[in-house]
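Presented below is the structure to which this report refers.
By convention in this document, chain letters (A, B, ...) are assigned in the order of the sequence lines, proteins followed by strands, and residues within each chain are numbered from 1.
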Number of protein chains: 2
Amino acid sequence: MTDLDPEASLHGRLRASILGLDLAPGQRLSERGLEPELGASRTPIRAALMRLESEGLVRRDGRGWLVAPIDLDEIAQIAEFRELVETGAVRLALPRARREDLLALADLADSADETGTPEHSLHTGTSFHLELAHLAENAELFAALQGILTRLFRTRWLEVQSTESRERVRREHSAIAAALLAGDADAAERALLEHLRGTHDRLALALGSRRREFAARGIPIDGAGLASR
Amino acid sequence: MTDLDPEASLHGRLRASILGLDLAPGQRLSERGLEPELGASRTPIRAALMRLESEGLVRRDGRGWLVAPIDLDEIAQIAEFRELVETGAVRLALPRARREDLLALADLADSADETGTPEHSLHTGTSFHLELAHLAENAELFAALQGILTRLFRTRWLEVQSTESRERVRREHSAIAAALLAGDADAAERALLEHLRGTHDRLALALGSRRREFAARGIPIDGAGLASR
DNA sequence: CCTCGCGGTCTGGTATACCAGTATGGTATT
DNA sequence: AATACCATACTGGTATACCAGACCGCGAGG
C-alpha cells in the first residue's frame with residue numbers, strides 16, 4: 001500500500017510474503033536467515049522488520065522475530081474497533097462528501113464483479129472501505145482504518161473465496177453507498193454494521209471450524225474464537 | 001509510557017526530549033548530530049527515530065528527520081478522531097466494567113488535586129482517560145487512544161497551566177465517572193464530549209492567539225486553527 | 001541410567017567504515 | 001558586480017565486524 005510496486009522495497013516484499021501467507025503466521029524469523037532470501041544485509045532487513053512491527057504484521061518474541069500469528073480473539077477485538085472507526089467514518093463523511101464523491105463510491109461498490117477473481121474482489125472491497133473513510137476527511141481515521149484492514153488482510157481473503165460471498169459483499173457495499181446517497185445516516189450505519197458483523201461472523205465461523213485444515217497447511221490459528229457479539 | 005524509566009532507553013530519552021519541548025517542534029535532526037548528545041552510535045539512534053516516527057513524534061523530511069511540528073489542523077483532526085475513540089470506549093466500557101472498576105475510576109478522577117503540580121494533573125488526566133479506555137477491554141482501542149494522547153501531549157500541558165483549568169478538568173472527569181457509575185451511557189457520553197470539546201476549543205484558542213509568543217520561544221505553530229466544530 | 005556442566009552456535013544489539021546523492025558556499029571568470 | 005561552476009561537507013543508506021547473552025546438545029561423572 002505504501003509502494004506501488006510491492007517488489008520495490010524490502011519492506012514491501014516482506015509484507016507481501018506475510019500477507020500472501022508465504023510466511024506462515026507464527027513462524028520465527030531471523031535477521032540473518034532473511035539475508036540470503038532477500039539479498040540484502042541485516043541493516044535494511046532490520047529496518048523493514050521494525051516497520052512491519054509497527055504495522056502489526058511482525059512481533060518481537062523475546063530474542064527474535066515472528067510473523068504475527070492469527071488469533072481469533074485479537075481479530076474479534078480488531079473487528080470491534082473497526083465498527084467504531086467505520087461507523088464514525090459514515091457519520092463524518094455524510095455531511096462532508098460531495099454528491100459526485102458518493103456517486104463514485106457507489107460505482108466502486110457496483111464495480112465488484114462477481115465474475116472477477118477473489119483477488120480483484122478483495123482489492124475492490126478494500127478500496128471501497130478506504131474510499132469511504134477518505135470521505136470523512138480525517139487523516140487519523142483514515143490511517144487507523146488502513147492499519148486495521150492491513151491486519152485483517154490475511155483472513156479477509158476467506159470471505160471472497162466463493163462467488164456467493166463475493167456477490168453478497170458487493171450487494172452490501174451497494175446498499176451502504178445507496179443509503180449514503182439518500183443522505184440517510186442511520187440507514188447507512190445500519191447497513192454498514194450488518195455488513196461488518198455478518199462478514200466477521202462468517203469469517204470467525206469458517207476459521208474456527210477449519211482450524212485443523214489450516215494447521216495442516218502450516219497456518220496455526222490461536223484463540224478461542226467464540227467471536228460473535 | 002513504554003519504559004518505566006524514561007532515561008532507560010534511547011527511544012525513551014529522545015521521546016522525553018521531544019515531549020518536553022527540549023527539542024523544538026519542526027527542528028531538523030540528523031542521526032550523526034544526535035550521536036554525541038545521546039552517547040550512542042547511529043544504529044540504535046536510527047532505530048529510536050524509526051520507532052518515534054511510527055508514534056508520530058518524528059517525521060522524515062526528504063533526506064533527513066524532523067521533530068513533528070505542531071499543526072493546529074492536525075491537532076483538530078486528532079481531536080475529532082479522539083472523540084470517536086473515547087465515546088466508543090464509554091459505550092463499550094459501561095456494560096463490561098465491574099462496579100469496583102468504576103469506583104476506582106471515580107477515585108482517580110477525584111484524586112487530581114488542584115493544588116498539585118501541572119505535571120501531576122497532566123499525568124492523572126492521562127491515566128483517567130487511559131483507564132477508561134482500558135475498561136472497554138479492547139486492546140486496539142486502548143492502543144489507539146494511547147497513540148492519540150502521546151501525539152497530543154505537547155499541547156495538552158497548556159490546559160493544565162492554571163489552577164482553574166486543572167479544577168475544571170477534575171470536575172469534568174468526575175462528572176464522567178459519576179455518569180458511568182449511574183449506568184447512564186448517554187449522560188457519560190455527553191459529559192465526555194463536553195469535556196473533550198471544551199478542552200480542545202480552549203487549547204486551539206490559546207495556541208492560535210499565542211502563536212507569536214511561542215514562535216519567540218522557538219516553537220512554531222502551523223495550521224489555520226479555526227478549530228472549533 | 002540419570003544428571004549436571006560446559007562449549008559451540010544461535011539470537012539480536014552495537015559500532016563503524018564506506019557509498020552515493022545533495023545542498024551550499026566560495027571562487028574564478030565574464 | 002553578477003553568475004556559473006566546482007569542491008567540500010553534509011545527509012541517510014548499506015554492509016560488515018564484533019559483542020554479549022541464551023539455548024541446546026553432548027559428554028563426563030555420579
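Leu29(B) comes within 4.0 angstrom of sugar-phosphate atoms only, judged by non-hydrogen atoms across all strands, and of no base. Using a 4.0 Å heavy-atom distance criterion, Leu49(A) is classed as making no nucleic acid contact. Counting non-hydrogen atoms under 4.0 angstrom, Arg42(A) reaches a base of the nucleic acid. At a threshold of 4.0 angstrom between heavy atoms, the contacts of Ser30(B) are confined to the sugar-phosphate backbone, with no base atom among them. When heavy atoms are screened at a 4.0 angstrom cut-off, Arg32(A) is found touching base atoms of the nucleic acid.
Remark: the backbone N or O of Arg32(A) is not paired with any side-chain donor or acceptor of Arg42(A) at under 3.5 angstrom. Of the possible donor and acceptor atoms, none in the side chain of Gln77(A) sits under 3.5 Å from a partner among the backbone N and O of Leu141(B). Thr199(A) places no side-chain N or O within 3.5 Å of a backbone atom of Leu196(A) that could act as its donor or acceptor partner. The closest donor-acceptor contact from the side chain of Arg59(B) to the backbone of Ala68(B) lies at 3.5 Å or more, if one exists at all.
If you measure from atom CG of Leu38(A) to atom C1' of dA15(D), you get 15 Å, rounded to the nearest angstrom. Regarding Glu53(B), its CD atom lies at a distance of 13 Å from the P atom of dG12(D), rounded to whole Å. The interatomic distance linking Asp61(B) (CG) with dC10(D) (P) rounds to 18 Å, in whole Å. Atom CG of Leu10(A) and atom C1' of dT14(D) are 11 Å apart (whole Å). Separating the CZ atom of Arg60(B) from the P atom of dT11(D) is a distance of 15 Å, rounded to the nearest angstrom. Separating the CE atom of Met50(A) from the P atom of dG12(C) is a distance of 12 Å, rounded to the nearest angstrom. Summarising the geometry, the separation between CD1 on Ile45(B) and P on dT14(D) is reported as 18 Å, rounded to the nearest angstrom. Across the protein-nucleic acid pair, Leu34(B) atom CG and dC10(D) atom C1' stand 15 Å apart, rounded to whole Å.
Between Ser41(B) and dA15(C) there is a side-chain N or O to OP1 or OP2 distance below 4.0 Å. A sub-4.0 Å separation between OP1 or OP2 of dG21(C) and a side-chain N or O of Arg63(B) is absent.
Sequence order on DNA chain D of the closest nucleotides to Arg28(B) and Pro44(A) puts Arg28(B) first from the 5' end. With DNA chain C read from its 5' end, the first of the two nearest nucleotides for Gly39(B) and Trp65(A) is the one closest to Trp65(A).
With salt bridges taken as basic N to acidic carboxylate O contacts below 4.0 Å, one links Arg197(A) and Glu83(A).
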